[in-house]
**Q** 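Got a structure here, written out as structure tokens. Questions coming.
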Amino acid sequence: MQQSKQIKLLWHDVAAAFNLGLRWKMSQNTSFAHAASNSLHAWATTLTAIYGGDDKYLTAGLQGCELANAVELLRDYEPFVDNVLPAVVEMAKDIFISMHYKCLNHQEPSEHNVLHFFANWELCNIASAMAMAVITDNQTVWDFAMDYFKNGEGTGAINNSITTIVEEPGTGALLGQGQESGRDQGHSALDIQLLAVIGQQAWTQGEDLFAYNNSRILRGSEYFVRYNLGNDVPFLYYTNGIVSHSELSSASRGAI
């Protein structure tokens, strides 16, 4: 299958499966669960690899996380559990989890510098690894993702995705400058969305990452929100040896 076509189809089908699962949970109309189950079955029985150069890790992370959460929505839909879930679990193990390990262990040649990727690349792989760990009931994968988030070397680790704690003028509030704040606000928004997913998935499993490291996720969220609502926030020069940002980017500021 052509790479761009594969990515587009997976993106659309996974989003559809997730939203169909939500519609089923809200309405109890099994036609929605049936449609979601069929879509996940089709991918689980035909997908053999994800292609696209380094971009394949974005696909694996962003689509993988949503796919795994779609699976969770169908956990109590018996036909899915009996007939589809085993194939999805094998796909998760063979394709997605292995890619998350390769990305976060910096095994690609492009990752000779562990800070090669912007934060959103690694955050989506952490989020997906966590979600895939749940659907495969794999504590080792879960622990790997959690440890990387807390202690990893790359930009997805919390101290590297929220790089600096700054003090808001006038209020003294502590805010968290994001790794992509000097790049643009669109990617900064994606970072905050992924941090929210990571925090919520951990919360569901009994661990509070929102409060972790002096509430660093929330301080990063406050920084992003205040700036995009039109307020001034401090910005400290950032470089990781690959990119350098000398000022806070206004690109996409306040965009919806």
Side-chain angles (χ1 to χ4, degrees), residues 1-21 35-75 77 79-111 116-118 120-149 152 154-156 190 193-194 197-198 201 205:
M1 185 185 294
Q2 196 175 28
Q3 291 178 9
S4 60
K5 183 179 180 182
Q6 179 204 45
I7 292 170
K8 186 175 182 180
L9 288 174
L10 182 61
W11 166 39
H12 286 185
D13 285 355
V14 168
F18 179 80
N19 285 286
L20 285 164
S37 179
N38 283 347
S39 181
L40 293 172
H41 179 263
W43 281 100
T45 54
T46 58
L47 186 65
T48 57
I50 297 174
Y51 303 101
D54 282 348
D55 283 351
K56 64 180 176 283
Y57 293 106
L58 279 174
T59 303
L62 293 170
Q63 271 57 260
C65 180
E66 192 167 26
L67 185 152
N69 278 277
V71 169
E72 281 298 296
L73 288 169
L74 298 176
R75 278 285 193 181
Y77 180 58
F80 173 79
V81 174
D82 293 342
N83 303 316
V84 181
L85 183 58
V88 174
V89 167
E90 288 306 307
M91 175 180 65
K93 293 177 180 177
D94 295 342
I95 299 174
F96 288 92
I97 290 174
S98 62
M99 291 182 69
H100 302 327
Y101 267 85
K102 189 171 183 179
C103 174
L104 297 173
N105 282 324
H106 311 117
Q107 294 173 346
E108 282 290 336
S110 59
E111 295 183 281
H116 169 77
F117 289 131
F118 283 101
N120 71 87
W121 293 70
E122 290 201 351
L123 287 171
C124 70
N125 277 272
I126 293 168
S128 186
M130 293 170 67
M132 292 292 175
V134 173
I135 69 169
T136 60
D137 194 25
N138 190 320
Q139 186 69 44
T140 300
V141 176
W142 177 268
D143 291 343
F144 168 76
M146 293 290 286
D147 180 68
Y148 192 92
F149 180 75
T155 56
L190 179 57
Q193 290 171 316
L194 290 167
V197 170
I198 289 168
Q201 288 178 161
Q205 297 299 317

**Q** Which pairs, with at least one residue in residues 99-110 and sequence neighbours excluded, count as a salt bridge (Lys or Arg N to Asp or Glu O under 4.0 Å)?
**A**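 Only K56-E108, K102-E108 qualify under salt bridge (Lys or Arg N to Asp or Glu O under 4.0 Å).
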
**Q** Which atom pairs, donor and acceptor, lie under 3.5 Å between side-chain atoms of residues 120-133 and protein residues at least two apart or in another chain?
**A**
| residue | atom | partner | partner atom | Å |
| --- | --- | --- | --- | --- |
| N120 | ND2 | E180 | OE1 | 3.4 |
| N120 | ND2 | E180 | OE2 | 2.9 |
| E122 | OE1 | Y148 | OH | 2.7 |
| E122 | OE1 | T155 | N | 3.2 |
| E122 | OE1 | G156 | N | 2.8 |
| E122 | OE2 | H106 | NE2 | 3.2 |
| E122 | OE2 | Y148 | OH | 3.2 |
| N125 | OD1 | H100 | ND1 | 2.8 |
| N125 | ND2 | Y57 | O | 3.1 |
| N125 | ND2 | W121 | O | 2.8 |
| S128 | OG | C65 | N | 3.2 |
| S128 | OG | H100 | NE2 | 2.8 |

**Q** Rounded to the nearest 0.5 Å, what separation is found between the CG atom of L74 and the CZ atom of F18?
**A**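 Here the rounded value is 10.5 Å.
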
**Q** Tabulate below the donor-acceptor pairs under 3.5 Å that side-chain atoms of residues 84-98 make, not counting sequence neighbours, or state none.
**A**
| residue | atom | partner | partner atom | Å |
| --- | --- | --- | --- | --- |
| S98 | OG | D94 | O | 3.1 |
| S98 | OG | I95 | O | 3.0 |

**Q** Where is the tightest heavy-atom contact between A36 and G21, given as atom of each residue plus distance?
**A**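 Shortest heavy-atom separation between A36 and G21 comes out as CB-N, 4.2 Å.
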
**Q** Looking at residues at least two apart in the chain, or sitting in another chain, which of them share a side-chain hydrogen bond (donor to acceptor under 3.5 Å, both in side chains) with D55?
**A**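 side-chain hydrogen bond (donor to acceptor under 3.5 Å, both in side chains) check on D55 returns nothing, list empty.
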
**Q** Quick one: ring-ring contact (aromatic ring centres under 6.0 Å, His included) partners of F144, sequence neighbours excluded?
**A**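 Applying ring-ring contact (aromatic ring centres under 6.0 Å, His included) to F144 gives Y101.
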
**Q** Indicate yes or no: at least one non-hydrogen side-chain atom of L20 is less than 4.5 angstrom from one of L73.
**A**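 No. Closest side-chain heavy atoms not under 4.5 Å.
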
**Q** List for me each residue that meets side chain to side chain contact (heavy atoms under 4.5 Å, CB included) alongside N38, sequence neighbours excluded, and say none if there are none.
**A**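 H34.
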
**Q** S110: which residues meet the side-chain hydrogen bond (donor to acceptor under 3.5 Å, both in side chains) condition with it, sequence neighbours left out?
**A**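 For S110 the side-chain hydrogen bond (donor to acceptor under 3.5 Å, both in side chains) partners, ignoring immediate neighbours, are D54.
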
**Q** Got a sec, which residues hit side-chain hydrogen bond (donor to acceptor under 3.5 Å, both in side chains) with D13, two or more places apart in sequence or on another chain?
**A**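 With neighbours one apart ignored, the set is W43.
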
**Q** Which residues pass the side-chain hydrogen bond (donor to acceptor under 3.5 Å, both in side chains) test with N19, not counting sequence neighbours?
**A**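 With sequence neighbours excluded, N19 shows a side-chain hydrogen bond (donor to acceptor under 3.5 Å, both in side chains) to no residue whatsoever.
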
**Q** Do any pairs count as a side chain to side chain donor-acceptor pair (under 3.5 Å) and have a residue in residues 129-141, sequence neighbours left out, and if so which ones?
**A**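 Non-adjacent pairs meeting side chain to side chain donor-acceptor pair (under 3.5 Å): Q139-D143.
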
**Q** Listed by chain and number, what are the ring-ring contact (aromatic ring centres under 6.0 Å, His included) partners of F118, not counting sequence neighbours?
**A**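 If we apply the ring-ring contact (aromatic ring centres under 6.0 Å, His included) test to F118, skipping adjacent residues, there are no hits.
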
**Q** Output every pair passing side chain to side chain donor-acceptor pair (under 3.5 Å) with a member in residues 58-72, not counting sequence neighbours, ordered by first then second residue.
**A**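 Passing the test, one end in residues 58-72: N69-Q201, E72-R75.
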
**Q** Which pair of heavy atoms, one from A60 and one from M99, lies closest together, and at what distance?
**A**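 Closest heavy-atom pair between A60 and M99: CB-CE, 3.8 Å.
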
**Q** Which value, rounded to the nearest 0.5 Å, describes the distance between M146 atom CE and F149 atom CZ?
**A**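 Going from the CE atom of M146 to the CZ atom of F149 covers 8.0 Å.
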
